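This structure is a prediction, so every number in the text was calculated from the model and none was measured. In what follows, every chain begins at residue 1, and chains take the letters A, B, ... in the order their sequences are listed.
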Protein chains: 2
Amino acid sequence: MNENVVLTPERILEVTEDVLRRFGLAKATVVDVARALDVSHGSVYRHFPSKASLREAVAKRWLDRANAPLAEIAESSGPAPARLERWLRAMIGIKCKKVCDDPEMFATYLALAQEACKVVKAHKDRLVDQISHILDDGAKQGAFDVADTKATARALFDATSRFHHPAHSDEWSDPDHAARVDAVLALLLRGLEAPRKR
Amino acid sequence: MNENVVLTPERILEVTEDVLRRFGLAKATVVDVARALDVSHGSVYRHFPSKASLREAVAKRWLDRANAPLAEIAESSGPAPARLERWLRAMIGIKCKKVCDDPEMFATYLALAQEACKVVKAHKDRLVDQISHILDDGAKQGAFDVADTKATARALFDATSRFHHPAHSDEWSDPDHAARVDAVLALLLRGLEAPRKR
DNA sequence: TGACTGACAGATATTGATATCTGTCAGCGA
DNA sequence: TCGCTGACAGATATCAATATCTGTCAGTCA
């Protein structure tokens, strides 16, 4: 079957993910990937200049796929506060689900992401932009009182780091993890509220 | 000189810190510590049941010493909001200074702290208690509107993790680190404010 | 008597010889 | 011509033999 399919970057990435899943990050070699593709490892280097760049591309694919639902929430309509909370909870939930479902795979992803810090940085910037977009909507709706949208978006991202940054993943199984998320989100959303007489 | 001084846990801890500083965490052995103390390594085991417990004790000493100024701020008087901000900035500043002054030593401390997670947990609980204390004062002063003091204190600790948790230390050299701290603290302090007509 | 020593067993780290991997490239075959 | 192969050099990982370390304890000495 492999024989009649041309060798494309996309196909290499698919097979690389599979090899990573089977062998683990430490054991997976370019030779393994080439063997799974039924080509020589020289051919893989025709499409990716180095093993590092191959891994980087895999990391990017993973990040994009995992966080696709977030863009949708950011673009949706309705009251911004509820949307922001939904977005933040979704981001936290995605990470938490990943680490609970398949911790070994998550460790692989984590190590990959640490290498590919350029890719991760770009990804984070996109996420912060999505928060910015919701904040802008909220300001227009009169629900949020935000001076510097961009800085505030980053502040929200930073303040929730403990719940979405992989370095903290071993703390997510804490029995009152959910309560701690609730407490932080409540505090942050209150800090954004436009002042009103009560 | 060593000969006329009795072997006490405190003296062992002092010398152990020195050995760690000179040899690094990976290379420092109980035999090294004993040699520096001019005793056999068996004697060290008379005061600490294991190498792990010795390291734990060193970690505790470090944590207590480094964060002593925080207790003072927590206990001081004056308006709670300013005090809380001072306390949080002090906590962040202590960590940041440590990593900037002596990154190698900080790495040692970090590895030690990761092993001695029980000690670290107790330490964190003490810090959260200090925040709670300030929040209580703020509530009494009418400056803060806080439903669950304990949960809110922990939320403040969690929300600032990015700026004080060692796992993020490599991000503290970011050129707009200070601006990010400002943005998060502003958001959090606004979230605590008692509502008032404006 | 009680703090300390030093030899010991089992666990862990180091070392150097060997094997595998990464990245390149001249040449093959469609 | 152009994508692919497979041999190669240098870098990296593995493995087993050796050395060092941890933790114990019977025995020494003040």
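- A:F106 and A:Y109 have tilted rings, their planes meeting at an angle from 30° to 60° on a 0 to 90° scale.
- Under the rule for a side-chain contact (heavy atoms from CB on, under 4.5 Å), the partners of B:A116 that lie at least two apart in sequence or sit in another chain are B:E56, B:A59, B:V119.
- Checked against ring-ring contact (aromatic ring centres under 6.0 Å, His included), A:F144 has no partners two or more places apart in sequence or in another chain.
- Along DNA chain D, read 5' to 3', the first and last nucleotides having any atom under 4.0 Å from a heavy atom of chain A are D:dG3 to D:dT14.
- One finds no side-chain N or O of B:S43 lying less than 4.0 angstrom from the OP1 or OP2 phosphate oxygen of C:dC4.
- For the ring-ring contact (aromatic ring centres under 6.0 Å, His included) test, no residue two or more places apart in sequence or in another chain qualifies with A:F48.
- Contact annotation for A:T29: backbone-only contact, meaning every heavy-atom pair under 4.0 Å involves sugar-phosphate atoms and none involves a base.
- Under the rule for a salt bridge (Lys or Arg N to Asp or Glu O under 4.0 Å), the partners of A:K60 that lie at least two apart in sequence or sit in another chain are A:D64.
- Applying the salt bridge (Lys or Arg N to Asp or Glu O under 4.0 Å) test to residues at least two apart or on different chains, the pairs with a partner in residues 132-141 of chain A are A:R83-A:D137.
- Residue pairs satisfying the ring-ring contact (aromatic ring centres under 6.0 Å, His included) criterion with at least one member in residues 148-169 of chain B, sequence neighbours excluded, are listed as follows: A:H165-B:H168, A:H168-B:H165, A:H168-B:H168, B:F157-B:H164, B:F163-B:H177.
- At a threshold of 4.0 angstrom between heavy atoms, the contacts of B:V31 include nucleobase atoms, whether or not backbone atoms are also involved.
- Using a 4.0 Å cutoff on non-hydrogen atoms, the parts of residues 46-56 of chain B near DNA chain C are B:R46, B:H47, ordered by number.
- Within residues 12-19 of chain B, no residue has any heavy atom closer than 4.0 Å to DNA chain C.
- A heavy atom lying under 4.0 Å from DNA chain D marks none of the residues of residues 20-28 of chain B.
- For B:R180 and B:E171, the salt-bridge test fails: no basic side-chain N is under 4.0 Å from an acidic carboxylate O.
- For residues 112-125 of chain B, the side chain to side chain donor-acceptor pair (under 3.5 Å) pairs, not counting sequence neighbours, are B:R55-B:E115, B:N67-B:H123, B:K121-B:D125, B:H123-B:R126.
- Side-chain N/O atoms of A:T29 and A:D32 include a donor and acceptor closer than 3.5 Å.
- Taking 4.5 Å as the limit, every side-chain heavy atom of B:E104 sits out of range of all side-chain heavy atoms of B:L25.
- Each ring-ring contact (aromatic ring centres under 6.0 Å, His included) pair with one or both residues in residues 66-102 of chain B, not counting sequence neighbours, would appear here, but there are none.
- Here the shortest heavy-atom pairing between B:A153 and B:V128 reads CB-O, 3.7 Å.
- Rounded to an integer number of Å, the gap from B:L7 CG to C:dT5 C1' is 13 Å.
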